[in-house]
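Report on one structure; see the data block that follows.
Throughout, protein chains are lettered first and strands after them, A, B, ... in sequence-line order, and every chain is numbered starting at 1.
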Amino acid sequence: MDMKSVESKWQQRWEKTKENCFNKKNIDKKFYMLEMFSYPSGAKLHIGHWYNYGPADSYARFKRMQGYEVFQPMGFDAFGLPAENYAIKTKIHPKDSTEKNIETMEHQLRAMGAMFDWSAEIKTCEEDYYKWTQWMFLKLFEKGLAYRKEAPVNWCPSCNTVLANEQVQEGCCERCGTPVIKKDLTQWFFKITDYAEELLSGLDKLDWPEKTKLMQRNWIGKSVGCEIEFTCESGDTFKVFTTRPDTVFGVSYVVLAPEHPLVRKLASDEQRAAVEAYIESTAKTDEIDRLSSAREKTGVFIGHYAVNPVNGEKVPIWAADYVLYSYGTGAVMGVPAHDERDFAFANKYGLPVKKVIENRNGETVLPFCEDGICVNSLQFDGKFGDDARTAITNHLTKLGKGARKVNYRLRDWLVSRQRYWGAPIPIVYCPHCGTVPVPYKDLPVKLPYNVQFEPDGKSPLAKCEEFMHTKCPVCGADAVREADTLDTFVCSSWYFLRYPDAHNAKAPFDPEIVNKMLPVDKYVGGAEHACMHLLYARFFTKALRDMGYLNFDEPFTSLVHQGVILGPDGNRMSKSKGNIVSPDDYVSEYGSDVFRLYLMFGFSYTEGGPWSDDGIKSAAKFLDRTERILLRAKEAQGTAAHGEEERKLNFVRNNAIKLITRDLENFSFNTAVARLMEYVNAMYKYDGCEEKDAAFFKECANDLVLLLAPFAPHFAEEMWEVLGKKYSVFDQPYPVCDESALVQESTEYAVQVNSKIKTKLMIPNGTAEEEMRALALSDDAIRPLVEGKTVKKFIVVPNRLINIIV
RNA sequence: GCGCACGUGGCGCAACUGGCAGACGCGCCGGACUUAGAAUCCGGUGGGAGACCUUGCAGGUUCAAAUCCUGUCGUGCGCACCA
C-alpha cells in the first residue's frame, strides 16, 4: 500500500466531513481526552511528541468507537524562554520564530492523522488567549490570592530571571542548568499555600500514577508538630517548630537561622565579631552548598541564653545555617540525643547530649530518632510516641508556651519573570493610588512588538517607553506599568478550560459549557510536570471553583505518563551524543501509521526504551501481512459448514477482542498489538484450510479492520473501503466479545506431583474434583510417581493446574 | 544521605488478584517457492546428553514465588539539612 497517498487521502476526507470535530449535541456522551499541548521551541515534532500523541490518539479513537463523543483538542504553549533565547542568538523576533514553528508543527500534527479537533485550537501567545490569562491574574488578585512582596528569590544568572521553587532542580536552573543564586526582589506570588491541605488530600481520589501523587505529597510536605516559645534572658521571645515535642526535655541548645533578626540583636559583645563574620560568610555561601546535607555543619554561639519552658533550663543560643529561615519559624531546638543533625552539631561544638527517649525493645544507641519511651522528662516519663507528643503539646498549651502546628514545605508560587516573551502582568503603579489592577475592560495589556529583549537583568518591557507610561485607571495621573511578565506556567494552568469554549470573546469560558465538559477524562503527558504544571493546574481549578466559576474540584480525573524513547544506544537523545532519531525520516519512508504502530508495539508505554530500526520494520511488515490476508478473505470462496477450524478462528477472534479492549483501557498498547498479530496469524492458518466458509472468513476480516482501526487509522479506513464498506470505519462500533465463543468443552491442566510439573491433561469442563483426582492418579505419567505413596493433599486450581502432594 | 520504582532468553518486551515463566515481535536455524537473491509462506528456537536447571544475588513464607517478606548488589527517577 502506498501509505503516503492513502494517508493524505483520508486526512483530507476526515477534514472535509468534520470527522474529528466535537459534536455538542452529544455532550452527555462526552469524553474529554487531553494530551499536554506542544511547546513550539523547535521547528519540528520530535519523537517525544509522537510517543505522547500517537498512542493517546489510538486510545481516543478506541473510545470513540465505543460510542463516546470524544473531544481531543490540540494547541500551543507558545510563550516562554527558549523562543526568547533563540531570538537573542539569531535576532529573529520571538513572535516571528514562534509563529513559524507553530505553522510547521501544526502541519506535522495534522499529518500524524490524530483526531484533533482543530476548530478548538489555542495558542497562548495570542491576544485573545493571554487576555484571559491576565483576567485570571486579576481574579486571583481580587481574591487576595495574588500578592507582591520582597523576598529572597531564586535567580538564574544565565536566563536573567527569577524562577519558581519548582523550577529549581538540584540548585540549578531547570532550563539551562546554571546554578541558581538568591536575590532579594519584590515579586508577584500566587498564594498556592492557601490550598496546601486540599491539594494534598485531593490526591487520594485521583486515578493518577502513585509515583506522581507521592511526588506531589512530598512537595507539599505536610508536617504536624508543635510550636514552642523560648524566652531569652533579654526578655525577647522566639518560637521553634518541632515534630518531636516529646524530646523537648532533651534540648541542650537552640539554633536560629543566621538571617533571624534576633541573632544580631542578642549577640553579646564578646561574640559580636564572630557572629557578624558568620552572617556574612553564610550570605556568601551559594545555595547549593548551603542546602547540601553532606556538608559539615557550621555555626556560632551568639553569647546569649534562652530558657526551656518545660524545665526552666538555661540553654545557649547558636546561629547556624543548617536552619532555614524560610521554613517553620526559622528557629529550632537542638536535641542531639534524638536528631542526627543536632547530634553531629553538638559533637562538633562540644554541646551536651541528653537522652530523654529510650528504645522500647533493647539498647538505645544515640542518636535515637525513632519513637520511644520518655525518660528524664518529669511527669511524662513512661509515655510513648504520639501519646507523649500529645501530652507535652497539651502541657505547653496550658502554660501558654506552645501550640499544635501544621507546617508545609510548599511555598507560594512566584510568577514574575524579568523576560519579554510572556503575558504582561496587568498592574499599574500610581504615585497616588499605589498598586492598581488594570480594569477588565482594558484587557489585554498588549505585549509590544518593538522591544529590546537582550537580557541585562532588567525586564525588557521596562525599557519600552510607550508600554511603560500610562495613566492610572483610578485617578488618571501619570503612572507606570508592571514591567514583568507572567511565568508561562500560568498560561498552561487553565488552557484545558479554554478548549471547550475556545472562541469565547466575552469570557475565558462559559461556566455552563465547561462544567459539562470537564473534568478531563484522560490526561496524557510527561512525568516531568509532576510538581509544576500538574500542581498549578489543580490550584487554578480550586481557586476558580471557590470564585464560583467551576463546580468540580480536580481538573484531571485520570492521568497517564508516557515513558521516554531513548536513542538506539540506550541513552537519552541529545545533539551532543549524536543519537537523535528524527521521526520525519521514518514517517516519510513508512508513513504515520507504521511509525505509530511501532511506538505502540515496541515499548511498554509508561516505560519507553531504546529506539530500534528493526522494530519499525516489523511494524511495516505486520501491516503488509495484514493487507494480504484481508485481500485473501475478500476473494475467498467456499461454503464449508461451520466446523472445528471455524471454531478455532472464532476463538482467537473473540479472545483478541476481549483482551485488546482490556489492554487499551490500561494503555497496554504493546500487548494489544500482540493480540492483533495472533489474530492475523490465525487468519493465515485458516486461509491454509482446503475448505472454507467464505462468509465467516469475510466477517473475521471486517472485525480485524475494526480492531485495527485505532492503531492504524489510515490503513484501516482504506481497507474498510477496499472491503466495500461504508465510510467511515470510525463510525462503526468497536467489536464486542462473544463470550460463548470462548467457552471450551475441555481445559488443559498442568499436573504437578509435589509441585513439579509432570504432565498435562485435557479435562472436560464441569468435571467433579473426585473424578479429576481419579483421572490424574491413573494417568500414565503420574501413576508410577504416586504408586505406593499416600496422597496427602490434592489441590485443584480451576482451569489451571492440579498439584498432588505425596 | 532519605524516599520511590525497576532488574526476566542474543535483543525489545509478556505473564489479570501467588498457580504451566518466556505471549507477541526482532534476530537466528531449517523447509517451500525461485536460475539466484529480495520479498513471501510454513516450521523450529532459554540452558543442559540427561534426571533436571533457569526471572540480578543470598535467605525466608507457601502445596505453589518473576509476583509476598528480609537482606544485598546494580540501574533509573524524585527530594536533598524542611527540624
Side-chain angles (χ1 to χ4, degrees), chain A residues 169-171 209-212 214-219 221-223 225-226 240-244 247 255 288 290-297 320-324 326-335 338-342 344-345 369 407-411 527-528 530-531 564 572 598 601-604 606-607 609-619 621-622 624-625 628 659 662-663 666 668 670-681 684-685 687-688 748-760 792-806:
Chain A
Q169 279 171 4
E170 300 184 9
E210 281 307 318
K211 176 156 190 183
T212 306
L214 186 68
M215 278 169 67
Q216 287 207 358
R217 282 190 192 107
N218 290 340
W219 188 259
K222 180 180 182 175
S223 45
C226 182
V240 300
F241 173 72
T242 180
T243 54
R244 293 298 303 275
T247 65
V255 191
I288 317 166
R290 170 146 181 207
L291 289 178
S292 164
S293 54
R295 180 169 151 257
E296 196 181 335
K297 294 182 187 5
D321 66 3
Y322 79 92
V323 174
L324 306 176
S326 54
Y327 181 78
T329 58
V332 303
M333 58 189 206
V335 187
H338 308 292
D339 182 282
E340 280 178 30
R341 295 156 300 187
D342 297 348
F345 192 77
C369 307
N407 265 323
Y408 300 91
R409 289 183 42 188
L410 183 70
R411 299 294 139 78
E528 66 276 14
C531 294
V564 180
R572 245 170 210 276
Y598 167 56
F601 180 59
F603 309 87
S604 169
T606 53
E607 298 295 316
W611 173 267
S612 145
D613 275 3
D614 288 335
I616 193 164
K617 279 183 207 145
S618 78
K621 194 170 145 186
F622 170 64
D624 285 344
R625 190 168 150 83
R628 281 190 297 272
L659 297 181
R662 188 193 74 188
D663 289 349
N666 297 330
S668 231
N670 52 349
T671 51
V673 175
R675 299 293 86 80
L676 280 170
M677 288 171 166
E678 278 172 354
Y679 184 32
V680 168
N681 290 344
Y684 269 92
K685 190 151 257 173
D687 188 47
E748 188 185 66
Y749 278 77
V751 184
Q752 301 179 327
V753 175
N754 287 344
S755 308
K756 293 232 192 288
I757 290 170
K758 295 296 173 190
T759 188
K760 298 189 177 174
K792 275 204 267 179
K793 227 169 175 183
F794 188 83
I795 298 160
V796 177
V797 182
N799 299 318
R800 294 206 180 261
L801 58 71
I802 292 167
N803 192 2
I804 305 162
I805 311 300
V806 295

Exercise for review: Sequence neighbours left out, what passes salt bridge (charged side-chain N to carboxylate O under 4.0 Å, His left out) with A:Lys222? Give chain and number order.
Suggested key: A:Glu197
Exercise for review: Under the ring pair (Phe, Tyr, Trp, His ring centres under 6.0 Å) rule, collect the residues that match up with A:Phe345, sequence neighbours excluded.
Suggested key: A:Tyr253, A:Trp318, A:Tyr322, A:Tyr349
Check your understanding: B:A14 phosphate, OP1 or OP2: any side-chain N/O from A:Ser668 under 4.0 angstrom?
Key -> no
Exercise for review: Would you classify A:Ser326 as touching base, sugar-phosphate or nothing, given that sugar-phosphate means primed atoms plus P, OP1 and OP2, and contacts are heavy atoms under 4.0 Å?
Suggested key: nothing
Check your understanding: With respect to the side chain of A:Trp219, which nucleotide from B:C41, B:C20, B:A80 is positioned closest?
Key -> B:A80
Revision key, fill the gap. Checking B:C4, B:C41, B:A14 against the side chain of A:Leu214 (C-beta onward), the nearest is B:C4
Practice item. Of all the heavy-atom pairs spanning A:Gly615 and A:Ser618, show the shortest one and how long it is. Key: O-OG, 2.7 Å
Check your understanding: Considering only side-chain heavy atoms of A:Leu324, which listed nucleotide, B:C13, B:C79, B:A83, is closest?
Key -> B:A83
Exercise for review: Ignoring hydrogens and angles, answer whether the base of B:C63 and the side-chain atoms of A:Lys792 contain a donor-acceptor pair closer than 3.5 Å.
Suggested key: no
Check your understanding: So what does A:Arg411 hit on the nucleic acid, given a heavy-atom distance under 4.0 Å: a base, only sugar-phosphate, or nothing?
Key -> base
Exercise for review: Can you tell me, in whole Å, how much space there is between the P of B:C68 and that of B:U75?
Suggested key: 23 Å
Point to revise | 5′-ward residue of the pair A:Tyr598/A:Arg244 relative to RNA chain B | key: A:Tyr598
Distances under 3.5 Å between nitrogen or oxygen atoms of protein and nucleotides 24-30 of chain B:
{"residue": "B:G25", "atom": "OP1", "partner": "A:Asn681", "partner atom": "ND2", "Å": "3.0"}
{"residue": "B:G25", "atom": "O2'", "partner": "A:Ser618", "partner atom": "OG", "Å": "3.3"}
{"residue": "B:C26", "atom": "OP1", "partner": "A:Lys621", "partner atom": "NZ", "Å": "3.1"}

**Study point:** Presence of salt bridge, A:Asp624 and A:Lys621, under 4.0 angstrom
**Key:** no
Point to revise | By salt bridge (charged side-chain N to carboxylate O under 4.0 Å, His left out) - contacts of A:Asp339 (at least two apart) | key: A:Arg341
**Study point:** Proximity to the side chain of A:Asn803 - top-ranked nucleotide from B:A14, B:G19, B:A83
**Key:** B:G19
Practice item. With heavy atoms under 4.0 Å as the rule, sort A:Gly328 into base, sugar-phosphate or nothing. Key: nothing
Practice item. May I ask you to say what A:Ile795 touches in the nucleic acid, namely base, sugar-phosphate or nothing, with a heavy-atom cut-off under 4.0 Å? Key: base
Exercise for review: Search all heavy atoms of A:Val797 against all heavy atoms of A:Tyr749 and return the closest pair with its distance.
Suggested key: O-CE2, 3.6 Å
**Study point:** Phosphate OP1/OP2 of B:A14 contacted by A:Ser604 side-chain N/O (<4.0 Å)
**Key:** yes
Under 3.5 Å, which N/O atoms of the protein pair with N/O atoms of nucleotides 43-52 of chain B?
{"residue": "B:C52", "atom": "OP1", "partner": "A:Lys758", "partner atom": "NZ", "Å": "3.1"}

Review point. When the P atoms of B:C73 and B:C57 are considered, how many whole Å apart are they?
Key: 15 Å
Practice item. In whole angstrom, give me the gap between the C1' atoms of B:A14 and B:G25. Key: 11 Å
Practice item. Taking side chain to side chain donor-acceptor pair (under 3.5 Å) as the test, write out the residues that go with A:Ser604, two or more places apart. Key: none
Review point. So, is A:Arg217 close to the B:C79 phosphate, meaning a side-chain N or O under 4.0 Å from OP1 or OP2?
Key: no
Revision key, fill the gap. Ranking B:G19, B:A64, B:A80 by distance to the side chain of A:Ser755, first place goes to B:A64
Practice item. List in chain and number order the residues that pass side-chain contact (heavy atoms from CB on, under 4.5 Å) with A:Arg409, two or more places apart in sequence or in another chain; answer none if no residue qualifies. Key: A:Tyr327
Practice item. Please work out if A:Glu210 contacts a base, only the sugar-phosphate, or nothing of the nucleic acid, heavy-atom cut-off 4.0 Å. Key: nothing
Check your understanding: A:Glu748 CD to B:G19 C1': how many Å, rounded?
Key -> 14 Å
Point to revise | B:U70 to B:U61 separation - C1' atoms, rounded to the nearest Å | key: 11 Å
**Study point:** Residue closer to the 5' end of RNA chain B, A:Asn754 versus A:Tyr327 (nearest nucleotide)
**Key:** A:Asn754
Practice item. In whole angstrom, give me the gap between the C1' atoms of B:U45 and B:G10. Key: 12 Å
Practice item. Output all residues satisfying ring pair (Phe, Tyr, Trp, His ring centres under 6.0 Å) with A:Tyr598, sequence neighbours left out; order by chain, then residue number. Key: A:Phe603, A:Trp611
Study note, to complete from the structure: When every non-hydrogen atom of A:Asn754 is compared with those of A:Ile805, the smallest separation belongs to OD1-CA, 3.4 Å
Review point. Considering residues at least two apart in sequence or located in another chain, which fulfil the side chain to side chain donor-acceptor pair (under 3.5 Å) criterion with A:Asn681?
Key: A:Arg625
**Study point:** Side chain of A:Lys211 (C-beta onward), nearest among B:C77, B:A14, B:C79
**Key:** B:C77
Check your understanding: When only distance counts, do a donor and an acceptor, one from the side chain of A:Lys760 and one from the base of B:C20, lie under 3.5 Å apart?
Key -> yes
Check your understanding: Within less than 4.0 Å of OP1 or OP2 of B:A14, is there a side-chain N or O belonging to A:Asn670?
Key -> yes
Review point. From B:C41, B:A83, B:C63, pick the nucleotide closest to the side chain of A:Tyr684?
Key: B:C41
Point to revise | Pair A:Arg628-A:Asp687, salt bridge (Lys or Arg N to Asp or Glu O under 4.0 Å): steps then yes or no | key: CA-CA 11 Å; A:Arg628 281 190 297 272; A:Asp687 188 47; over 6 Å; no
Exercise for review: State which of B:C79, B:C63, B:A83 makes the closest approach to the side chain of A:Thr242.
Suggested key: B:A83
Exercise for review: Could you work out the separation of B:G47 and B:G22 based on their C1' atoms and round it to a whole Å?
Suggested key: 13 Å
Practice item. Apply side-chain contact (heavy atoms from CB on, under 4.5 Å) to A:Glu678 and list each qualifying residue two or more places apart in sequence or on a separate chain. Key: A:Arg675
Practice item. Apply salt bridge (charged side-chain N to carboxylate O under 4.0 Å, His left out) to A:Arg572 and list each qualifying residue two or more places apart in sequence or on a separate chain. Key: none
Review point. So, is B:G12 syn or anti if syn means the angle is within 90° of 0?
Key: anti
Study note, to complete from the structure: Stems of at least 3 consecutive Watson-Crick or G-U wobble pairs (donor-acceptor distances under 3.5 Å) involving RNA chain B, listed by first number, are B:1-7 with B:73-79, B:10-12 with B:24-26, B:27-32 with B:40-45, B:56-60 with B:68-72
